[in-house]
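Notes follow once the structure below has been shown.
Read the numbers this way: they start at 1 and go in the same order the structure lists the ligands and their atoms. The structure presented is a predicted model; accordingly, all values stated were derived computationally and were not measured.
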Amino acid sequence: MSTPVDAHSLARPDQVRVQHVSLDLNLDFEGQRVHGRATLGLERIDTGAPLILDTHELLIEAVRGADGGERQWTLGEEQGRLGCALTIQLVEDEDEISVIYSSGPGAEALQFLAPSQTDGGRQPFLFTQGQAILTRSWIPLQDSPAVRATYDATIRAPRGLTVLMSAGSRNGPTPVLKESADSAPTDLWRFRMENAIPSYLIALACGDLVSHDVSERCAIWAEPGVLSSAAAEFADVERMVQSAEGLFGAYQWGRYDLLVLPPAFPYGGMENPTLTFLTPTTIAGDQSLVSIIAHELAHSWSGNLVTNATWEDFWLNEGFTVYCEGRIMEELYGEERANMEGLLAWQNLEQELKALEPWQTVLNIDLAGHHPDDGFSGVPYNKGALLLKRVEECVGREALDPVLEEWFSAGSFQSRSTDEWRKYLLGAFPDLPEQMDLDEWLDAPGLPADAPRPVSDALTKVDGELQRFAQGVAPAELDCAGWVTGQWLRFLNGLPADMGVKAMAELDQTFGFGANGNSEILFAWLRLAIREGYTDADASLEQFLTTVGRRKFLMPLYEELCATPEGRARAEVIYRKARPGYHAVSAISLDKLFD
Ligand code: BES
Ligand code: ZN
C-alpha cells in the first residue's frame, strides 16, 4: 500500500509504521494532565530508518525498547500546532518501543472540567477530542489519518469516576491492590479496540457517568441527572443502526453507544468508534435534533471504515456522511423531514459561501501552509453531500446504492483519497461525464449550477408567513400552528433585517423564543437579538455563552456581537469570563476573532 504525503504529520509511516498502540496512563485531575506509557508495535519497512512520531507539547521522560533498555531520541523543533517530531533510533529488528511521558499543560486534545461545569456539580470531568490533529497532544504516535492501528489501554482514574473509551470492549474497573497510604484510591479500567483505526478516533472520557440500555448493542451514557432525558431523546438509536445497515452494509464495530458530555464539548457530535460523543444541546425534548445521531452513526461507514487519506480529503468523510445521514433520516422520518433539513443546510451553505475565500470552497482543498481547521466549513459537509445527490440524480438511486456499498466494503479499514474516489466513480459510471462535470465539482470553487436544490413544502409554507409578517401582519395572526423545529429555524433566519426592538418584543411575547428549550432555536433567536439590539435577551445570551462551548454556536454569536463597538466591548467582557471554560478548539478560533 502506498502512503500518501500528509502535510499535517511529521511522521514517516513509509519507513516505520505503527500498527498497535498500547496505553498505560494515569488520569491526573489535580495536575490536569495524563502521564504514563505508550507502547507502540512497529512494522519496519525501511530497516535502517528511525521511528518518527508526532507530539505536541508532550514532556518525554524516556524511551525504552522491549528489553527495558533506553533508546536514543531527539525532539525536533516545534512546527507551530503541528508540534514536534520525536525521532527514535531503533535497534536491529526491534518491533516495539515504549515512550514514557506526560501531556503538557495546554494539551489541545484534553479538556478537564471543574465540577461546576458538569450537571451534577460534584465531580470533575475529562474528555478528549482527537480530530483532526490533536491526538498528538496526549499520545505520541503517527498522527495521520492514513495510518491505522489497533489499540488497548489500561487507565488509572480516581475511584468513583467511570472511564469510557472508543473501544469495543469495556472492562473494568479492576480494583488496584497495592495503593500507597498517601495517594487517593484509584481504579484500573481496561479497553481493547480490535479494528485498526486512525489516531484521531482514539478517545476517552471520565466522569460521573451511568448508562441506560436501549438494545443489545446500544446504550446511552450520561451524567445521572441527564440520563433519563437523554435516553428518551435518543430512544431511536437502535432503529437508526438497523436502517443504516440496510443502506450501507453490516455494522462492523460491535457496540454503538452514545455518550452525552457536559455542555463545554466543542462539537455537536464526534464519531468515536463504538461510542459517539455528543453535546447535550441536542436534547430538545422532542427528538427534533436527532439527525446528529444519524450523522455520527453514518460515520461508522464513511470516515471510520473508509477514512479520508489526508485532511485535504476531509469532504470524503463529511460530505459522504451528510449524504448518508439524509438517507437514514428519510427512511426513518420520511422524505419531507429529510428535504426540510436538506434545504436548511442549503440555505446555510449559500450564506457561508458569501463569506469564505474561494480556495476554501473547493472540495479537493489545498491546505498547504494551513491547519486542517482552516478548511473547516459547511463546504466539505454540504457541497460534498450535494455532489453525491447530483450523482444520484444522474445515475439513479438503484444504481448508486450498490456502488456506495461496494466503496465501503472494498475500502474497509483503509484510507482513501479524492482521486481514488474520482477513479472509482468513473469506473462504475463511465458515462457520468456526459451528465455532470465531476472535475468542476471536485476542483473548482463555489457551487456548480447543477447542484440539486431540495424542495420542501413545509418550508415554502413558512416563506408565505414570512411574507405576511413583512407586510405588517401581527405575529399572533400568523398561521404557525403545528410548526416543527426546522420551520421555526427557517422563520427566524428569514426575518427582515432592522425589524426593530418593538417587533422583536412582539415576536418574543407571541412565541416565547427567548425561553425556548431547543438550542438551535434559542441560538437563532439570540443571534437575531444581537443584530436587532433587543436587550431583553441579554441575560439569556450571557448565560448561553458562559455554559455552552459548542463552536458552531459561539462563533456566530461573538461575530454578531463584534459587529458594533458597544457589542464588541460586551463580547470582550463575556469572553474573558467564559474562555477558561471553553475547549482549546473553540478558544483558538475565538482568539483569532478578538485579535
Ligand atoms: N467529525 C465531525 C466533528 C469534527 C470535524 C471534529 C472536524 C473535528 C474536526 C462530526 O462528525 C461532525 O461533523 N459534527 C457536526 C455535527 C453534524 C450533524 C454536522 C458538529 O459538530 O456540528
Ligand atoms: Zn461529521
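- Looking at Tyr381, Phe553, Tyr267, it is Tyr381 that brings a heavy atom closest to atom 12 (C) of ligand 1.
- Residue contacts with ligand 1: Ser291 is placed with no nitrogen or oxygen under 3.5 Å of a nitrogen or oxygen of the ligand (distance criterion only).
- For ligand 1, the polar-atom distance check against Gly268 finds a nitrogen or oxygen pair separated by under 3.5 Å.
- At least one heavy atom of Phe314 lies less than 4.0 angstrom from ligand 1.
- Taking the six-membered ring for Trp and the full ring otherwise, Phe523 and Phe544 have centroids separated by 6.0 Å or more.
- Near His299, meaning under 4.0 Å from one of its heavy atoms, ligand 1 places the atoms 11 (O).
- A side-chain donor-acceptor contact under 3.5 Å links Glu233 to the backbone of Gly285.
- For the pairing with Tyr381, the ring-ring contact (aromatic ring centres under 6.0 Å, His included) check across Tyr323, Trp315, Phe376 returns one residue only, Phe376.
- Under a cut-off of 6.0 angstrom, the local environment of CD in Glu78 is crowded, with over 12 non-hydrogen atoms contributed by other residues, nucleotides or ligands.
- When hydrogens are left out, the protein atom nearest atom 4 (C) of ligand 1 is Gln131 OE1, 3.2 Å; that is the closest non-hydrogen contact.
- When the Zn ion (ligand 2) is compared with the N/O/S atoms of His295, atom NE2 turns out nearest.
- Taking a cut-off of under 4.0 Å to the non-hydrogen atoms of Glu271, the atoms of ligand 1 that pass are 1 (N), 2 (C), 10 (C), 11 (O).
- Between Trp221 and Phe127, the gap from one ring centroid to the other reaches at least 6.0 Å.
- Nearest protein heavy-atom contact of atom 10 (C) of ligand 1 is Gly269 O, 3.2 Å.
- His299 contributes atom NE2 as its closest N/O/S atom to the Zn ion (ligand 2).
- Side-chain N or O atoms of His8 include one that pairs as donor or acceptor with a backbone N or O of His370 at under 3.5 Å.
- Ranking the protein heavy atoms by distance from atom 18 (C) of ligand 1 puts Ile292 CG1, 3.5 Å first.
- Aromatic rings of Phe112 and Phe125 (six-membered ring for Trp) have centroids beyond the 6.0 Å cut-off, not under it.
- Ranking the protein heavy atoms by distance from atom 11 (O) of ligand 1 puts Glu296 OE1, 2.7 Å first.
- Note: no N/O pair closer than 3.5 Å links Gln129 and ligand 1 by distance alone.
- With a heavy-atom cut-off of 4.0 Å, His295 touches ligand 1 through its side chain alone.
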Hey, mind stepping through Asp419 and Arg422 against salt bridge (Lys or Arg N to Asp or Glu O under 4.0 Å) and telling me if it holds? CA-CA 5 Å; Asp419 281 330; Arg422 191 188 325 244; 2.9 Å; yes
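- Taking the ring centroids of Trp483 and Phe491, they lie under the 6.0 Å cut-off.
- Glu318 contributes OE1 as its N, O or S atom closest to the Zn ion (ligand 2).
- Checked against a 6.0 Å centroid threshold, the rings of Trp311 and Tyr200 count as neighbours.
- Partner of Trp407 under the ring-ring contact (aromatic ring centres under 6.0 Å, His included) criterion, out of Trp301, Phe248, Tyr424: Tyr424 alone.
- Looking at atom 2 (C) of ligand 1, its nearest protein heavy atom turns out to be Glu318 OE2, 3.3 Å.
- Here is the list of ligand 1 atoms found below 4.0 Å of a heavy atom in Phe376: 5 (C), 7 (C).
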